[in-house]
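The structure under discussion appears below in the form of structure tokens.
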2 protein chains.
Amino acid sequence: MTEEEFLKSYKPNDYPSLLLTVDSVLFTVENQSLKILLLKRANHPSKGLWSLPGGFIDTENDATTEETALRKIREKTKVTPPYLEQLQTFSSADRDPRGWSATVTYFALIAHQETETRLTNDTQWVALDNLSTLQPLAFDHQQIIKVALKRLRQKSLYSMLPIFCLPKEFTLGEYHQLMEIILNKMIQKKSLYRRFKASEMFEETGKTVATGARAAVLYRLKTDVELINFERNLG
Amino acid sequence: MTEEEFLKSYKPNDYPSLLLTVDSVLFTVENQSLKILLLKRANHPSKGLWSLPGGFIDTENDATTEETALRKIREKTKVTPPYLEQLQTFSSADRDPRGWSATVTYFALIAHQETETRLTNDTQWVALDNLSTLQPLAFDHQQIIKVALKRLRQKSLYSMLPIFCLPKEFTLGEYHQLMEIILNKMIQKKSLYRRFKASEMFEETGKTVATGARAAVLYRLKTDVELINFERNLG
DNA sequence: AGAATAGTGTCTGTGAGACAATATCTG
DNA sequence: CAGATATTGTCTCACAGACACTATTCT
């Protein structure tokens, strides 16, 4: 049998079906808190519980799971996050009552300013500190969030990843505050600014912003720069 | 409708099916080369091409994709690798001619001594340097290997991960050589030995092994130790 | 003893941590 | 000018890189 003949005789439905979904942990920092986007499930299973934005793959229109993740995030926020990275795939026979299932998860960052007044009604930014008040979460989403948070924190120690939570123009002070919120501990400004400069990823806008005292310089990302990794961790 | 009623009426086959597989990149070092386990495909599609060990999930017996990965590796090598970690999920509408598909990939490490004379006939350790002679590989396995290699090298810079390519008892010299092969560059013995000691993961066996000159001390992993991450990268 | 390989001493360089010092705003 | 916040200077410390040196085993 040639490969062509094989493919002609191949019937996908002869094989046991399983569930494959895509879910995203979208982070932002707002009002001194690290928050994630959650939405209230409208349908069974786990109807009424809070869950991560995600859903089934549309095999006609999504070329990859990354496109599914982006499509679902755009549906809920109306915008495309500037950073999206695959996290991990969670699978098990019993994480979904409908049967054996797997979910390919992504984690994403966005500036909350980008999403303001654009969220759909079933959607909400939830501070990680308040997560316990929304328990239980749908499926194994609690665990997915935990893994995503761990990855975000780890990467923040050796890269400038958190800048994707900042608006287009920002000050060093804002970046410093952001890092302290994400890592939940005090960070030396000097260490951070050294890296900021060494990364060569940013340029001054020429503008400054006043805060009641000495004005702070506004920076922006240079065009077409890549996120670089440092060889040592902070903290 | 209650969740119970919903589940009763839920028919998996009402939904478009897609392919979900699991593939593993199993690394070892043998004869001064970094090698991976490949096998010649016996069936369509890509019959006759070299591919990674893997296959479909057996939803009756595999609780998770990790179990699928281990089952497939065991089938081919008769042993369980001491290190297995999820790599990434690759998906696309056209990576498999049978239709939209995704593969959850793992990367694993093992000492080649463990697998000697136990490999099935369709299976072979292939040096990464010789991969080009086996082109093309099935599906997108070439790219998967590339990503796995990158991860292995990156992790080797800040952890003792490569020790899982060594036999139960080994010398510092063997570890040093192993690192140089994986990273494909010269590594300072002193730096490596400092970390080895600082990790506190190992203990002397009391035995030594002669190599024609001064005998080298044999070490082994302590029981129940965790792989720790260093805060700086090597070279 | 001499060759060969195992393992150590020690100096230099880099970049993070600590925190003091200086600069530049506003009122 | 005083107070507040932004930004820089600079010292210390940990650890990787370099490479010379010592130790141990074999013939």
Side-chain angles (χ1 to χ4, degrees), chain A residues 32 153-160 162 166 169-180 183-220 228-235, chain B residues 32 153-162 166 169-180 182-220 228-235:
Chain A
Q32 309 294 320
R153 286 190 168 151
Q154 186 57 31
K155 284 213 161 188
S156 297
L157 293 178
Y158 63 80
S159 75
M160 316 275 297
L166 292 171
E169 303 190 344
F170 60 91
T171 65
L172 284 176
E174 285 166 345
Y175 177 49
H176 178 238
Q177 215 176 52
L178 172 67
M179 284 289 273
E180 296 202 329
L183 296 172
N184 194 30
K185 68 170 177 177
M186 212 255 220
I187 297 293
Q188 291 287 333
K189 271 194 278 189
K190 183 70 191 189
S191 304
L192 210 60
Y193 296 1
R194 254 192 303 242
R195 287 182 159 204
F196 186 85
K197 195 167 186 191
S199 76
E200 296 188 306
M201 291 172 60
F202 308 93
E203 59 193 4
E204 299 190 8
T205 60
K207 288 178 279 186
T208 58
V209 63
T211 58
R214 175 173 170 179
V217 173
L218 276 170
Y219 291 88
R220 65 168 161 252
I228 61 148
N229 291 338
F230 297 97
E231 301 213 327
R232 298 192 195 179
N233 285 354
L234 282 181
Chain B
Q32 308 293 319
R153 286 190 168 150
Q154 186 58 32
K155 284 213 161 188
S156 298
L157 293 179
Y158 63 79
S159 76
M160 317 274 296
L161 191 59
L166 292 172
E169 302 190 344
F170 60 91
T171 66
L172 284 175
E174 285 166 345
Y175 177 50
H176 180 237
Q177 217 176 52
L178 172 69
M179 283 290 273
E180 295 201 330
I182 288 175
L183 295 171
N184 193 31
K185 68 169 178 178
M186 211 256 220
I187 297 293
Q188 291 287 333
K189 268 193 289 185
K190 183 70 189 186
S191 304
L192 209 59
Y193 295 2
R194 254 192 302 240
R195 286 183 160 205
F196 186 85
K197 197 167 184 193
S199 77
E200 296 188 306
M201 291 172 61
F202 308 93
E203 59 192 4
E204 298 190 10
T205 59
K207 290 179 278 186
T208 58
V209 64
T211 59
R214 174 173 172 179
V217 173
L218 276 171
Y219 292 87
R220 66 167 162 253
I228 61 149
N229 291 339
F230 297 98
E231 301 215 326
R232 297 193 195 178
N233 285 354
L234 283 181

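In what follows, chains are A, B, ... by sequence order, proteins preceding strands, each numbered from 1. As a basis for the values below, the full set of heavy atoms in this structure was taken, side chains included, without hydrogen atoms, waters or symmetry mates. All of these numbers come straight from a predicted model, not from anything done at the bench.
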Mind checking if [X] touches a base, just sugar-phosphate, or nothing, with heavy atoms under 4.0 Å?
X: A/Tyr193; result: base
X: B/Ser191; result: base
X: A/Gly173; result: nothing

How many angstroms lie between [atom1] in [X] and [atom2] in [Y], if you round to the nearest 0.5 Å?
X: A/Arg153; Y: A/Met179; atom1: CZ; atom2: CE; value: 12.0 Å
X: B/Ile187; Y: B/Leu157; atom1: CD1; atom2: CG; value: 7.5 Å
X: B/His176; Y: B/Lys190; atom1: NE2; atom2: NZ; value: 13.0 Å
X: A/Gln154; Y: A/Asn233; atom1: CD; atom2: CG; value: 5.5 Å

Between [N] atom [atom2] and [X] atom [atom1], what is the distance in whole Å?
X: A/Asn233; N: C/dA16; atom1: CG; atom2: P; answer: 10 Å
X: A/Lys189; N: C/dA16; atom1: NZ; atom2: P; answer: 17 Å
X: A/Arg194; N: C/dG17; atom1: CZ; atom2: C1'; answer: 8 Å
X: B/Gln177; N: C/dA6; atom1: CD; atom2: C1'; answer: 13 Å
X: A/Phe196; N: C/dA16; atom1: CZ; atom2: P; answer: 15 Å
X: A/Leu192; N: C/dG15; atom1: CG; atom2: P; answer: 16 Å
X: B/Tyr219; N: C/dA6; atom1: OH; atom2: P; answer: 12 Å
X: B/Phe230; N: C/dG15; atom1: CZ; atom2: C1'; answer: 19 Å

Q: Could you check which of C/dA16, C/dA6, C/dT14 has an atom nearest any side-chain atom of A/Arg232?
A: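 The nucleotide sitting nearest to the side chain is C/dT14.
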
Q. Taking any atom under 4.0 angstrom from a heavy atom of chain A, which nucleotides of DNA chain D are the first and last to qualify, 5' to 3'?
A.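 It runs D/dA4 to D/dT10.
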
(Q) Pick the closest DNA chain C nucleotide for A/Gly212 and for A/Gln188 by heavy atoms, then say which residue is nearer the 5' end. (A)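 Here A/Gln188 is the residue nearer the 5' end.
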
Q: Kindly indicate whether the side chain of A/Gln188, heavy atoms from C-beta on, has any atom under 4.5 Å from the side chain of A/Arg194.
A: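 Answer no - side chains too far apart.
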
Q: Name the residue closer to the 5' end of DNA chain D, choosing between A/Lys190 and A/Ala213 according to the nucleotide with the nearest heavy atom.
A: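 Result of the comparison: A/Ala213.
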
Q | First of B/Ile187 and B/Ala215 reached from the 5' end of DNA chain D, by closest nucleotide | A |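 That would be B/Ile187.
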
Q) How would you list all residue pairs meeting salt bridge (charged side-chain N to carboxylate O under 4.0 Å, His left out) that involve residues 196-212 of chain A, not counting sequence neighbours? A)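 Of all non-adjacent pairs touching residues 196-212 of chain A, those that pass salt bridge (charged side-chain N to carboxylate O under 4.0 Å, His left out) are A/Glu169-A/Lys207, A/Glu203-A/Arg220.
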
Q. Any chance the rings of A/Phe196 and A/Tyr219 have centres within less than 6.0 Å?
A.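 Centroid distance A/Phe196-A/Tyr219: below 6.0 Å, so yes.
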
Q.
Under the criterion side chain to side chain contact (heavy atoms under 4.5 Å, CB included), I'd like the reasoning laid out for B/Lys189 against B/Leu192: C-alpha separation, chi angles, the key distance, then a yes or no.
A. CA-CA 5 Å; B/Lys189 268 193 289 185; B/Leu192 209 59; 5.7 Å; no

Q. If only side-chain N and O atoms of A/Arg195 are considered, is one of them under 4.0 Å from the OP1 or OP2 phosphate oxygen of C/dA16?
A.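 For C/dA16, OP1/OP2 do have a side-chain N/O of A/Arg195 under 4.0 Å.
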
Q. Hey, is the main chain of B/Leu218 close enough, under 3.5 Å, to the side chain of B/Thr205 for a donor-acceptor pair?
A.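 Yes; at least one donor-acceptor contact below 3.5 Å.
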
Q.
Keeping A/Glu180 on the side-chain end and A/Gln177 on the backbone end, is there a donor-acceptor pair under 3.5 Å?
A.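 No, because the side chain of A/Glu180 does not come within donor-acceptor range (under 3.5 Å) of the backbone of A/Gln177.
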
**Q.** Relative orientation of the end axes in the helix from C/dA1-D/dT27 to C/dG27-D/dC1, expressed as an angle to the nearest 10° (five pairs per end)
**A.**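 Terminal axis comparison yields 10°.
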
